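Each remark here refers to the structure printed beneath this line.
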Amino acid sequence: MSVWPAAVEPDSATPSSAPASAGALLCLQGMGKRFGAFRALGDVSLAIAPGEIHCLLGENGAGKSTLCNLIFGVYQPDEGVMTFDGQPYKPTGPADALARHVAMVHQHFSLVPDLSVVDNLLLGQSRGVLKRGECADRIADLSRRFGLALDPRARIQDLSVGERQRVEIVKCLMRDPRLLVLDEPTAVLLPDEIAALLGVCRRVADEGCGVMLVTHKLAEIRQVAERATVLRGGRVAARSEQPGQELDELVRAMIQRDLADTSATPESRAASARPMASVPGVDAIRTGRVPEPALMADGLSVVDADGVKRLDRFTLIVRPGETVAVAGVEGNGQSELAAVLSGMRPATEGRFFINGQEMTGRAPREITRAGAGIVPEDRHAVGCITGLPVAENLFLDRLQRFRRWGLLDRRAMREQALELMQRFDVRAASPDVGFGGLSGGNQQKAVLARELTLDGLRFLLAAQPTRGLDVGAVQAVYGHIQQACDKGVGVLLISSELDELIRVADRVVVLYRGRVMGECPAEPAQRDRIGAWMAGHEA
Amino acid sequence: MGWEMAAVFAGSTVRLAAPLLLSATGELVSERAGVLNMSVEGMMLTGAFAGAVGSWATGSPAMGLLIGVLAVLPVALLQAVLSITLRANQIVTGVGINILVLGATTLAYREIFGGRSRTEIPGLAKWAPPGLADIPLLGEHVFHQTWLLYAGLVIVALIAWMMRHTAVGLALHAAGAAPKAVDKSGLSVTAIRYGAVMLTGVMSALAGCFLSIGDIHTFTEGMTNGAGYLAIAAVIFGNWRIGRMLGACLLFGAATALQFQLPAFGIHVPSALLIMLPYLLALLAVGGLVGRQTAPAYLTQAYVR
Amino acid sequence: ADATRIGILIPGSKSDKGWMESGYDGLVAAQKAHGDKIKVQMIENINYADMEQALTNLASKNQLVIGVGGQTQAAVMKIAKRFPKTKFSIVGGNKGDSLPNVAGYDVKQAEIAFVAGAAAAMLSKNGAVSYVGGMEIPSIVNAGKEFGKGAAYINPKIKYVENYTGDFDDVAKSKEATLAAIAQGADVHYHILNLGLRGMEQAAKEKGTKIIGSYTDRCGSDPLYVAYSITGVGYQVEYAIKEVVSGSWKAGYKPFGLAMGAKASDMLICGGTAAQKTKLEEIKKDILSGKIKVLEG
Amino acid sequence: MNTLTLPSSQPRWLQALTARPALWVSLAAVIGSLLVGLLLVRLLGVPVVDAALAFADGAWGSPYAFAASVNRSLVFALVGIGFVLAQRANLTNVGGEGQIAVGGIAATAVALYGHVQDLPMGLGFVLPMLAAALAGGLWGALAGVLKAKAGTNEVIATLLLSFIAVWMVYGSVQSEALLRQPMTHSNTLPESLEVPEATRLPLLTGDYSMPLHLGLPIGLVLAVVVALVLNKTVLGLHLRAVGLNPVAARRAGIAVGSTVVGALFAAGVFGGLAGACMLQGEQYSLKAGFSSGFGFDGLVVGLLARGSVTGVIAGSLLFGFLRSGGINMEMVAGVPTALVVVIQGLIIVVLAGAALAMDRHKETER
Ligand SMILES: Nc1ncnc2c1ncn2[C@@H]1O[C@H](COP(=O)(O)OP(=O)(O)OP(=O)(O)O)[C@@H](O)[C@H]1O
Ligand SMILES: Nc1ncnc2c1ncn2[C@@H]1O[C@H](COP(=O)(O)OP(=O)(O)OP(=O)(O)O)[C@@H](O)[C@H]1O
Ligand SMILES: [Mg+2]
Ligand SMILES: [Mg+2]
């Protein structure tokens with residue numbers, strides 16, 4: 001039986017074999033899923049045996065969560081068949097999956113924050129009168145068996161992220177799972193919490209349950225994975241029967257580039273969390289010998305509502321004409337950094353200056369006035385208003401300019417929009433079509449067009465500016481950024497595309513868990529170090 | 001004499017609070033599950049009308065009560081379909097239903113009773129719990145009430161217990177606090193919310209019947225006269241907890257009852273002030289001026305998987 | 001000859017058991033009496049914003065327009081200026097500006113309220129009587145005051161309780177107000193209420209107290225009622241129609257009350273003793289002669 | 001671009017229909033509800049022709065009837081325009097009733113006790129109007145402040161404020177210390193005095209045979225202004241931006257909080273003006289129940305309009321004439337006015353339920 005995806009040939013370096021279906025607990029064959037015109041998954045086949053820990057890897061958007069959701073019945077597949085225990089398995093909703101003892105921990109918590117642990121565990125699991133005492137006993141029992149300490153009466157909203165994760169897992173365990181699906185359970189955990197979680201996985205598997213673990217972290221794979229499957233663009237890119245020994249091949253399959261030595265020693269590790277005064281050149285700036293930096297960030301920290309430190313004493317100077325890239329796996333503090341610098345969210349501590357003016361805690365409008373262009377990470381939520389036409393979006397922050405006798409001069413706006421669209425190659429039928437009707441790349445170019453044509457632009461923050469863009473669009477975007485740079489604008493580029501940021505930026509700082517792991521020149525030779533820092537390898 | 005006045009005041013407060021309590025409890029359950037029914041007013045009016053008509057036609061107030069409850073089901077279903085399945089704006093839906101019911105009951109009342117009927121509508125019997133009935137003053141003025149009031153109290157207590165101690169209560173709470181979690185735990189958010197809205201309907205019908213055949217044995221056009229909105233105000237003021245909401249209902253009832261007691265003491269407070277007091281208090285509450293309000297996180301938000 | 005066209009505006013519900021219904025009863029009686037000679041257009045339950053339009057419609061199509069209640073007065077005065085050829089009668093009208101085509105009939109409820117107070121005092125066993133008024137407007141308040149005075153006229157030591165619900169039609173509130181009065185010992189109740197009366201009936205039934213009705217004779221048909229006063233709302237409607245049909249309609253203020261006879265204003269105790277009757281007659285005479293002075297209303 | 005993607009096999013009328021679904025759905029809802037109304041008329045045993053004739057006569061049968069209908073429509077339209085204005089910022093203002101009420105109170109107070117009747121140049125009626133607008137605006141802004149500061153749902157806040165305002169009218173005409181007229185005789189009702197001639201809105205025709213008043217041209221001018229502001233100004237665009245995506249609007253430098261407060265203030269101004277028109281144009285004295293539920297009718301008109309000022313005008317004319325005709329139907333044909341209420345309720349419910357279908361279409365249009 002051939003379960004190899006037709007389109008993707010296995011990398012010759014990856015020693016792998018077809019998933020064993022004999023004795024498999026769950027067997028997927030040719031699974032496909034579309035969201036509208038977008039194909040999130042295609043022809044995915046894999047099998048999980050009882051007692052096996054199977055790791056699922058892949059870049060952001062590779063389709064991991066979608067696959068998990070298919071298994072758990074949240075989505076229904078467009079193609080492919082599943083068997084569970086040799087029986088056909090077609091869950092039409094989580095209820096079906098749960099009935100077959102398939103349990104899932106979601107990437108995002110699905111707990112009720114204002115209820116206690118016990119109540120969360122009982123939700124959907126119990127009928128009639130709640131037997132909280134009985135449930136608490138079971139929790140105690142499970143805690144003992146798997147080493148998961150939990151206070152049954154605590155309210156979820158008072159728990160740390162790690163504890164919440166534990167609740168999610170116990171919730172699954174309470175259902176006596178035969179297959180446990182964990183979608184990036186460790187993304188939010190601290191190292192010792194991760195170790196404990198992996199221990200639980202091990203024990204659960206030892207009791208005969210199949211475990212599917214989605215993760216980005218290589219160390220985890222090395223620790224627990226018995227087999228691994230790599231997804232790339234919704235298709236199986238590689239498989240491994242001994243993932244612990246084939247990490248490099250897996251990573252290459254995942255990102256299609258080499259990550260030669262993941263244990264390189266970073267020499268500028270000390271760069272993290274250093275005080276402002278120690279940044280070279282600060283004194284010179286303070287004494288006015290050097291032009292004002294475009295951005296000066298001094299010990300910015302962000303603590304979220306759950307008390308987790310998302311950004312930890314971030315300190316950086318971006319000089320005019322310089323492009324500094326912030327690299328890192330998503331979710332390591334980049335979003336928080338961008339939010340603070342664009343005025344959308346206050347920093348818990350620290351200060352920052354744009355073009356020499358202190359902007360800490362200022363409104364977005366003032367930050368724009370200070371000469372900061374912002375290309376936000378989430379263009380749909382923050383960067384544009386999809387319900388308005390392209391022209392309006394292009395001038396959203398400077399509409400006053402088109403006021404004539406109190407009315408909006410649409411004609412002038414249209415003309416200037418057309419001009420801007422030509423300059424930045426924004427392809428749309430006309431400036432009057434809805435912004436939401438543009439393709440992702442054109443939307444991004446339009447946002448760039450707006451931010452780069454800001455009056456008195458001195459600083460540009462571009463967060464994930466090429467996400468979801470095709471090759472041509474990516475070229476165009478970086479071309480524009482380069483041009484701005486040449487005119488003396490300081491650019492802070494947040495990206496997880498290693499190749500690109502090495503090509504575009506002058507310097508790279510790497511964020512890991514909110515902290516600057518290291519800093520180095522953006523040169524191809526530094527790629528390994530950067531990759532290692534991104535994966536959290538400190539030494 | 002003073003004691004007797006106090007007892008009458010207490011009895012009056014209880015009677016005026018009872019319909020609020022019944023409908024507010026229903027509304028609380030629904031809001032907990034994430035659906036705001038502005039249509040409580042219309043549901044109460046439906047119940048009041050159908051209860052009165054049923055009681056008059058069958059001659060049996062108990063049958064009237066049953067008919068009142070049955071008649072409200074289509075109205076509640078309309079609210080549910082519009083706001084849950086069709087994901088219509090819950091407020092607009094509610095206001096529309098209220099207007100519709102007001103017109104329809106007025107029209108139907110005139111058709112059925114010809115507008116000039118003096119027919120006595122049989123009302124629910126009164127009852128006092130044995131033991132309590134013999135307490136001087138209190139027995140007569142406070143505890144001698146329509147049996148529906150006691151039944152209602154039992155139902156409210158049952159609902160309060162259900163919300164706290166049963167799986168259904170848990171699911172209801174979660175449907176408004178974290179519908180996604182409910183969905184992923186294998187329960188249907190839609191089913192839970194439908195159930196909650198239907199319960200609101202039933203409770204509002206009981207409240208409406210209390211108004212028409214429970215207390216005063218008559219129906220008048222638009223007789224709820226804003227009581228439904230007051231019930232919603234009580235839920236808000238009660239911060240979505242049954243205990244506090246009970247207090248709010250009693251407070252609102254007392255504010256109204258006070259109107260009839262104050263003249264006896266020669267105190268003159270503008271009645272407009274007493275009437276608007278509940279709304280004022282509710283406004284202060286939603287404005288966050290009376291403690292921190294914690295509305296169910298997904299209140300008024302339709303659930304899409 | 002063509003039928004006389006009559007328009008009548010009843011601002012409340014014509015089945016309110018009180019003022020409005022009494023007015024409607026008068027209309028029905030007039031229709032019976034005049035048969036084909038009159039043609040009637042009627043509208044009820046009108047809010048303020050619509051009142052002018054309704055009156056204008058009535059005025060443009062009818063020879064006589066009757067507004068049942070003082071609350072129509074302002075609007076009638078306004079419309080009457082625009083329709084000088086149409087006649088207007090206001091039931092429950094009062095002294096004020098006069099127009100050549102407007103007649104105001106004053107019900108003088110305070111007079112009969114005094115008599116009712118006297119009757120109540122005769123009927124009360126506890127020595128306490130009560131009154132519930134709808135809106136707190138002078139005519140209603142004055143009636144209440146006179147009721148209290150009338151009671152004290154018979155029994156100086158009588159206890160009198162009064163209450164206003166703010167709404168002639170709110171049943172629940174009238175019930176609670178009556179219960180509050182009963183708690184103070186009152187066992188005979190008088191009222192100026194419309195639909196709200198049902199609440200008073202409910203309270204009285206529960207507590208075994210009695211009511212003096214107004215507007216309608218209920219003696220014998222309802223044991224709750226021990227007496228009733230006649231406030232000739234219906235009579236005034238009949239009067240207006242009769243005057244127009246016979247061609248003798250006159251503009252201006254016209255007091256009704258006791259002076260216009262038993263159909264306009266009267267007090268009857270159901271199965272009352274001869275002594276009670278004579279006493280009431282005596283009081284009526286004293287009021288008419290001015291020996292007893294009552295407030296307006 | 002859209003028309004190109006439409007399959008050419010579709011008949012013309014279907015294309016026209018799919019191009020403006022909201023319009024057609026609204027029309028269908030209105031017509032359907034009216035048909036149900038006719039059916040009810042039949043069921044009530046009244047000949048449909050009689051009812052229809054009475055309706056037409058009351059709605060537009062005479063200059064007076066026509067003017068009365070238009071005046072009523074004017075009030076609905078003012079409230080509706082305010083609603084649409086706030087709706088542009090995604091705010092649902094259900095407080096029209098209360099805004100009318102406070103507008104009425106303010107206009108009465110200034111007209112009677114503000115020493116304005118001797119002022120030159122029409123200030124006598126302008127100042128009370130401005131006072132009404134300001135009062136209504138503040139009443140609306142209160143909900144806006146609660147929304148911006150405490151995140152209070154503006155629907156709940158404006159609704160509660162409506163109840164409070166309605167009882168404020170009741171209270172203010174109960175006490176002579178406030179707006180109640182001096183008690184000269186026993187039937188002195190709990191109302192204010194009539195406002196002086198000079199403070200009333202001048203009649204366009206000069207007499208009452210067709211009592212259109214100055215409020216109408218003022219309302220029309222304001223409607224044009226609002227349509228311009230909404231569709232042709234920076235402010236209108238800001239409102240839309242805040243309504244569509246407050247986060248992106250904030251990022252683009254728009255002051256979201258003040259826009260919210262401002263939008264509800266503006267909506268309230270229109271409610272207040274509606275109150276002024278009712279008081280200074282028609283009723284002349286303040287009474288309990290003065291607002292007569294017109295604020296809720298205006299709300300319905302606003303909902304029907306689906307964001308367009310033209311829609312408001314169409315809807316207000318529909319309801320204005322519907323109500324006028326309804327009154328006459330009761331007088332002449334004996335059909336209770338409650339029927340009109342049923343029709344209104346039906347229209348709202350159907351439109352609320354159809355919103356998803358209409359919006360879904362809009363989404364695919366983009
Ligand atoms: N409901 C949906 N509608 C449309 N597109 C979707 C939907 N869910 C997922 N996608 C798209 O499908 C692709 C795969 O998403 P998925 O969540 O499976 O990625 P992932 O591998 O889990 O990524 P991550 O590591 O970020 O969690 C993404 O491009 C995503 O935008
Ligand atoms: N309609 C959509 N269009 C495009 N992308 C989407 C859409 N809905 C979700 N996504 C993307 O798909 C991914 C999955 O998002 P979603 O909110 O479904 O979480 P999830 O990963 O499925 O959650 P869980 O793991 O708890 O099931 C995210 O990256 C999200 O940005
Ligand atoms: Mg994922
Ligand atoms: Mg995901």
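Bear in mind the structure is a predicted one, so any value in this text is a computation, not a measurement. To find a chain, count down the sequence lines: A is the first, B the second, and so on, and within it residues start at 1. Keep in mind that the numbers below use all heavy atoms, side chains included, and drop hydrogens, waters and symmetry copies.
- I275(B) touches chain C through its side chain: at least one heavy atom from C-beta onward sits under 4.5 Å away, while N, CA, C and O do not.
- Put simply, of T165(C), D169(C), V132(C), N45(C), the one with the most heavy-atom pairs under 4.5 Å next to chain B is N45(C).
- Between E206(C) and K175(C) there is a salt bridge, with a side-chain nitrogen of the basic residue lying less than 4.0 Å from a carboxylate oxygen of the acidic one.
- With hydrogens and angles disregarded, a donor-acceptor distance shorter than 3.5 Å links the side chain of T200(B) to the backbone of G26(B).
- Of all the listed residues (L16(B), T256(B), I216(B), L211(B)), the one sharing the greatest number of non-hydrogen pairs under 4.5 Å with chain C is I216(B).
- Of the two parts of K207(C), only the side chain, counted from C-beta on, holds a non-hydrogen atom closer than 4.5 Å to a non-hydrogen atom of chain B.
- Residue contact with chain B, scored on non-hydrogen atoms closer than 4.5 Å, involves the side chain of L195(C) exclusively.
- Between R15(B) and E176(C), at least one side-chain N (NZ, or NE/NH1/NH2) sits under 4.0 Å from a carboxylate O, which counts as a salt bridge.
- Between K32(C) and E238(C) there is no salt bridge, since no side-chain N of the basic residue sits under 4.0 Å from a carboxylate O of the acidic one.
- Note: D215(B) leads T220(B), D215(B), V8(B) in heavy-atom pairs under 4.5 Å with chain C.
- No side-chain N or O of S174(C) forms a donor-acceptor pair with one of H191(C) less than 3.5 Å apart.
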